[in-house]
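I have placed the structure first, in the form of structure tokens, so that the comments after it can refer back to it.
The chains referred to below are lettered A, B, ... by the order of the sequence lines, with proteins before strands, and numbering in each begins at 1. For clarity, every value in this text was computed on a predicted model and none was experimentally measured.
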Amino acid sequence: MIYLDHAATTPVRREVAEAMAMCMTETGHFANPGSDHAPGRQAAHIVEQARERFAALIGAKAEDIVFTSGATESNNMALLGGAAFYSNKGKRIALAKTEHKSVLDPCRQLASRGWSLDWLETDEQGLITTQALTAAITDETCLASCMLVNNETGVVHNIPALARVCSEAQVLLHVDAAQALGKLPIEARRWDVAMMSFSAHKLGGPKGIGALYLRRKPPVKVQPLVFGGGQERGLRSGTLPVHQIVGLVRAAELAEAEREQMFRHLGRLRRRLLDQLVAGLPQVEVNGAQAAQSPHILNLSFHGVDGEALRADLIDLAVSSGSACTSDHAESSYVLRAMGRSDSLADASLRFSFGPTTTAEQVDQAAQRVIASVRRLRALSPLWREEPAA
Amino acid sequence: MNPSAYPDKIWKLFREPRRHGCFEAEQKPSRGRAATPASHAVLQLELLVAPDGRIDDALFQALGCPYLIATGAWLCAHVTGRRRDAMATLEPRLIAEQLDLPAVKRYCAVMAVEALNQALDDAPTVEAVSAPTAE
């Protein structure tokens with residue numbers, strides 16, 4: 001099996017697992033950080049150290065960081081909690097249809113409670129421009145949400161420019177940075193975003209832990225979604241999982257230390273796969289922006305094949321797509337359709353995503369398997385020879 | 001045990017579909033084609049029907065999911081060697097049962113019957129074959 005699905009999740013790095021293990025067993029820092037005894041205070045000290053180290057990695061201060069169960073919770077907290085706090089300005093949110101479902105669904109929840117969603121148009125590469133954002137913002141807009149790196153296509157948004165538009169309009173900008181941490185430099189305070197979501201398991205950390213950057217200067221407030229023991233300054237109750245928090249921060253530190261080298265490595269792998277597929281197959285389309293692209297994701301559409309059949313045929317290749325096949329007319333990737341791709345092309349797409357452990361040999365093998373499958377399915381098709389796509 | 005999410009029978013027919021392709025034009029195959037709206041799925045069937053009404057051979061082509069490809073392969077194997085009048089009454093229900101098609105994939109059986117009926121209609125009848133050609 002060749003695993004090219006690192007944008008879905010990554011294996012936990014050995015160094016991370018070892019650091020986590022130190023906080024789990026009787027001989028480690030297993031105590032409840034909320035307990036007022038020596039082991040508890042020691043655990044709390046580890047958490048606060050981790051908070052400072054994590055904040056430093058994203059250009060923030062420790063007081064800006066709230067630990068959560070992952071980017072989904074962070075996105076929910078930012079949007080539902082932010083909307084609840086700031087609804088007196090107006091009940092409008094600006095966002096694009098290419099956002100992750102953990103952004104779209106909380107916003108749809110808000111829509112069911114009387115909020116209006118103003119959809120940002122993306123260009124054909126899936127990018128939101130400052131003009132589109134400016135056009136969508138009204139006097140009643142209190143929140144905008146834009147992901148830093150799109151999880152399906154890997155396109156990178158110009159967050160500093162979009163944040164300036166929001167600042168001038170006094171709109172709070174939330175950024176889903178789940179796919180960006182460890183891949184791109186992040187400067188939360190300097191970019192002047194209000195809230196930013198992170199996850200550990202996309203970069204060699206464990207599942208079930210993430211963080212929300214919540215700007216303290218000037219302060220951004222959210223109403224909590226989880227109530228109880230009042231942890232995280234009352235914003236997110238629940239016993240702090242010391243081992244998970246240590247895992248998040250260790251993974252993020254390792255990724256940051258290797259970031260520039262890894263950027264080049266992933267870029268070479270991406271180019272290698274793209275070159276081989278384009279050389280081996282006619283009628284292949286790149287979904288994304290060549291000029292503003294995270295190197296760990298390559299999203300391609302293949303003319304003349306059925307998406308479900310292609311994914312089924314690639315049985316020994318772990319890749320992904322945004323499609324959900326349940327009937328004759330598969331529900332193709334909503335992200336690609338929002339970018340203007342036809343249903344057929346959006347369905348016949350594959351997302352390849354690379355990680356530190358991906359090798360050139362794996363990429364070569366993947367390319368050969370994809371070429372063989374696409375050729376086989378095109379040969380089976382009654383339309384391919386008759387009407388090859390223009 | 002196959003490694004896919006598909007039933008064994010479907011997986012085998014999808015991965016190793018026999019009787020796919022087209023006949024040579026001089027073999028004068030009869031042809032039927034069924035498609036879903038916007039041609040998201042297309043099934044084409046070609047038959048060689050003998051003057052005595054026996055289906056001598058069948059080939060298919062398909063653009064679609066593994067179930068459709070498997071259905072095309074199954075259909076060709078099923079009709080080959082059988083009589084055209086018997087196959088004209090083939091029902092989608094039988095195909096769906098034979099292939100254990102899930103409800104959302106029953107359309108594959110419907111497409112198969114539609115392509116088959118078109119191909120049978122396209123095949124010359126015995127009378128047409130034996131009728132003298134106009135000089």
Side-chain angles (χ1 to χ4, degrees), chain A residues 1-3 5 283 301-321 323-333 336-337 341-350 369-370 372-390, chain B residues 1-7 10-23 29 31-46 59-73 76 101-112 114-115 118-119:
Chain A
M1 176 64 70
I2 301 170
Y3 188 84
D5 203 14
Q283 304 295 332
S301 287
F302 301 87
H303 286 271
V305 296
D306 176 84
E308 183 186 346
L310 178 58
R311 288 183 289 279
D313 208 38
L314 294 169
I315 189 71
D316 49 2
L317 185 58
V319 293
S320 183
S321 83
S323 301
C325 302
T326 54
S327 65
D328 65 318
H329 188 167
E331 187 185 332
S332 53
S333 159
L336 301 186
R337 280 185 282 128
R341 288 286 190 220
S342 66
D343 274 1
S344 296
L345 267 188
D347 174 49
S349 67
L350 296 175
R369 287 174 201 193
V370 173
S373 281
V374 172
R375 285 180 178 165
R376 179 175 99 80
L377 294 173
R378 284 176 175 173
L380 279 171
S381 169
L383 302 186
W384 179 249
R385 276 164 289 184
E386 286 179 21
E387 304 165 21
Chain B
M1 182 69 185
N2 77 67
S4 77
Y6 296 89
I10 297 295
W11 182 245
K12 191 168 184 340
L13 288 167
F14 167 63
R15 291 283 277 187
E16 297 166 12
R18 295 180 183 171
R19 300 176 187 271
H20 70 84
C22 297
F23 293 107
R31 180 183 290 177
R33 181 184 280 191
T36 57
S39 296
H40 285 294
V42 182
L43 179 64
Q44 178 176 292
L45 181 68
E46 288 190 352
L59 291 176
F60 84 100
Q61 288 189 293
L63 168 64
C65 70
Y67 285 98
L68 186 66
I69 291 169
T71 302
C76 288
L101 295 178
V104 295
K105 297 296 182 183
R106 294 279 170 85
Y107 73 93
C108 298
V110 174
M111 289 177 70
E114 187 182 335
Q118 271 190 30

Inter-chain contacts: residues 15-23 of chain B against chain A, heavy atoms under 4.5 Å = R15(B), P17(B), H20(B)

inquiry  = What I'd like to find out is whether the side chain of P382(A) reaches to under 4.5 Å of the side chain of L63(B), using heavy atoms alone.
reply    = yes

message = Quick one, I69(B) and L380(A) - any side-chain contact, counting heavy atoms below 4.5 Å?
response = yes

request  = List the atom of W11(B), the atom of A312(A), and the distance in Å for their closest heavy-atom pair.
outcome  = CH2-O, 3.3 Å

Heavy-atom pair with the smallest gap, counting every atom of A309(A) and G64(B) = CB-O, 3.3 Å

message = Please classify the contact of L68(B) with chain A as side chain, backbone, both or neither, using a heavy-atom distance under 4.5 Å.
response = neither

query = Can a cation-pi geometry be assigned to R376(A) and F14(B), taking NZ or CZ under 6.0 Å from the six-membered ring centre and within 45° of the ring axis?
reply = yes

inquiry  = Suppose we screen for salt bridge (Lys or Arg N to Asp or Glu O under 4.0 Å). Which residues come up paired with R369(A), at least two apart in sequence or across chains?
reply    = D316(A)

query = Step by step, would you call Q61(B) with S381(A) a side-chain contact (heavy atoms from CB on, under 4.5 Å)?
reply = CA-CA 5 Å; Q61(B) 288 189 293; S381(A) 169; over 6 Å; no

message = Just verifying a value: how many Å separate S4(B) OG and D313(A) CG, rounded to the nearest 0.5 Å?
response = 10.5 Å

